Amino acid sequence: MPDFAVILPAGGRAVRFGGERNKLLHEIDGITVLRRSITAFLSRSDVSQILVPTADSHMLDEIKVLNDARIQTPAGGASRAESVRNGLREVPQTMDWVAIHDAARPLISQSLIDATLAAAIEHGAAAPALPVPLTIKEAQGSLPAKVLRTVPRQNLFATQTPQIMRRIDLLYAFEQCPLSLDQVTDDIQLLELCAKEVWLVPGEERNLKITTPTDLRLAEILAKA
């Protein structure tokens, strides 16, 4: 397997989580969400560089504690995609592969990283995903709203991270992106928009994203399981 760089965007305001403290600084069994996400990749010999785009002084202090020369902290952007782009600009041209992982997914397993990387190398880009188990209704505007249709769910998948792709393809996708970056909600979406092939691999239920306090409590249970 080739070496790769990792970008963990951490510039968001975590509005949906609520509270005064950023969700990434909450602890799961004594270790912050941010540190768990970073150390999952620090433990790998094939990770040559970790970029954590952020301007939050508390998170910068948390990163300094790790004391690893592979970690860099480029500026966070106004949107997730801008933060990723800021990190991508710091990846050297000699690095062929880059992984983007949500800093708020602290329970990522090594086997899922391996499976996603293997699929990316075979197909050009890959991300883990889970089948959507819910009935999805399309409606216009905020609720209450009239139902327009029920969306067939057999071909729907909820993507996770890490999302792994060629560095040069992601650079090209940013250059060609037809949307404003605040409309890009997913990293492989950039590749889709410029007709690059993307594959999905089976995700993991425990690879949840911390969005609400309930997610944090569930992660605490899973971490001890």
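Note that the structure is a prediction, hence the values are computed from the model and not measured.
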Any chain of hydrophobic side-chain contacts (each under 4.5 Å) joining [X] to [Y]?
{"X": "Met165", "Y": "Val47", "value": "no"}
{"X": "Ile164", "Y": "Leu190", "value": "no"}
{"X": "Leu42", "Y": "Leu51", "value": "no"}
{"X": "Tyr172", "Y": "Val91", "value": "no"}
{"X": "Met1", "Y": "Ile113", "value": "yes"}

query: Aromatic rings Trp199 and His123: how do their planes relate, parallel, tilted or perpendicular, breaks at 30° and 60°?
result: parallel
Just how far is it from atom [atom1] of [X] to atom [atom2] of [Y], taken to the nearest 0.5 Å?
{"X": "Lys137", "Y": "Leu143", "atom1": "NZ", "atom2": "CG", "result": "13.0 Å"}
{"X": "Ser37", "Y": "Lys209", "atom1": "OG", "atom2": "NZ", "result": "11.0 Å"}
{"X": "Arg44", "Y": "Thr39", "atom1": "CZ", "atom2": "OG1", "result": "13.0 Å"}
{"X": "Ile63", "Y": "Ile71", "atom1": "CD1", "atom2": "CD1", "result": "6.5 Å"}
{"X": "Ile188", "Y": "Leu170", "atom1": "CD1", "atom2": "CG", "result": "11.5 Å"}

Do any N or O atoms from the side chain of [X] and from the backbone of [Y] form a donor-acceptor pair under 3.5 angstrom?
{"X": "Arg80", "Y": "Pro9", "value": "no"}
{"X": "Gln163", "Y": "Asp187", "value": "yes"}
{"X": "Asp56", "Y": "His58", "value": "yes"}
{"X": "Asn22", "Y": "Leu25", "value": "no"}
{"X": "Glu82", "Y": "Gly76", "value": "no"}
{"X": "Arg36", "Y": "Ile28", "value": "yes"}
{"X": "Glu204", "Y": "Pro128", "value": "no"}

Which atom of [X] lies closest to which atom of [Y], heavy atoms considered:
{"X": "Pro162", "Y": "Ala99", "answer": "CB-CB, 4.4 Å"}
{"X": "Ala115", "Y": "Val201", "answer": "O-CG1, 4.2 Å"}
{"X": "Leu112", "Y": "Pro202", "answer": "CD1-O, 3.4 Å"}
{"X": "Gly87", "Y": "Ile7", "answer": "C-CD1, 3.8 Å"}
{"X": "Ala40", "Y": "Gln110", "answer": "O-NE2, 2.8 Å"}
{"X": "Ala219", "Y": "Ile210", "answer": "CB-CD1, 3.7 Å"}

message: Against Glu138, only a single residue in Arg149, Lys146, Arg153 fulfils salt bridge (Lys or Arg N to Asp or Glu O under 4.0 Å); can you say which?
response: Arg149
Hey, does [Y] have a side-chain heavy atom less than 4.5 Å from the side chain of [X]?
{"X": "Leu117", "Y": "Asp46", "result": "yes"}
{"X": "Thr32", "Y": "Leu24", "result": "no"}
{"X": "Trp97", "Y": "Arg167", "result": "no"}
{"X": "Gln176", "Y": "Leu193", "result": "no"}
{"X": "Leu60", "Y": "Thr54", "result": "yes"}
{"X": "Val98", "Y": "Phe4", "result": "no"}
{"X": "Asp215", "Y": "Lys23", "result": "no"}
{"X": "Leu222", "Y": "Glu205", "result": "no"}

- prompt: Ile108 and His101: side chain to side chain contact (heavy atoms under 4.5 Å, CB included), yes or no, with the steps?
  reply: CA-CA 9 Å; Ile108 178 68; His101 183 63; 3.7 Å; yes
field: Heavy atoms of other groups near Asn67 CG, more than 12 under 6.0 Å
entry: no
message: Can you confirm whether more than 12 heavy atoms, excluding those of Leu179, are under 6.0 Å from its CG atom?
response: yes
Any side-chain donor near an acceptor of the partner, Ser83 and Asn86, under 3.5 Å: no
field: Donor on one side chain, acceptor on other, Ser180 and Asp182, under 3.5 Å
entry: yes
query: So which of Val84, Leu8, Thr161, Val6 actually passes side chain to side chain contact (heavy atoms under 4.5 Å, CB included) with Ile100?
result: Val84
field: Qualifying residue for side chain to side chain contact (heavy atoms under 4.5 Å, CB included) with Val33, from Ile38, Leu216, Leu107
entry: Leu216
task: List the steps and the verdict of side chain to side chain contact (heavy atoms under 4.5 Å, CB included) for Gln160 and Arg105.
output: CA-CA 9 Å; Gln160 300 180 333; Arg105 291 188 190 271; 3.8 Å; yes
field: Stepwise side chain to side chain contact (heavy atoms under 4.5 Å, CB included) check, Arg35 with Val65
entry: CA-CA 9 Å; Arg35 193 184 302 189; Val65 173; 3.6 Å; yes
task: Just do the side-chain hydrogen bond (donor to acceptor under 3.5 Å, both in side chains) check on Asp3 and Ser48 with the steps written out, would you?
output: CA-CA 6 Å; Asp3 288 355; Ser48 61; 5.2 Å; no
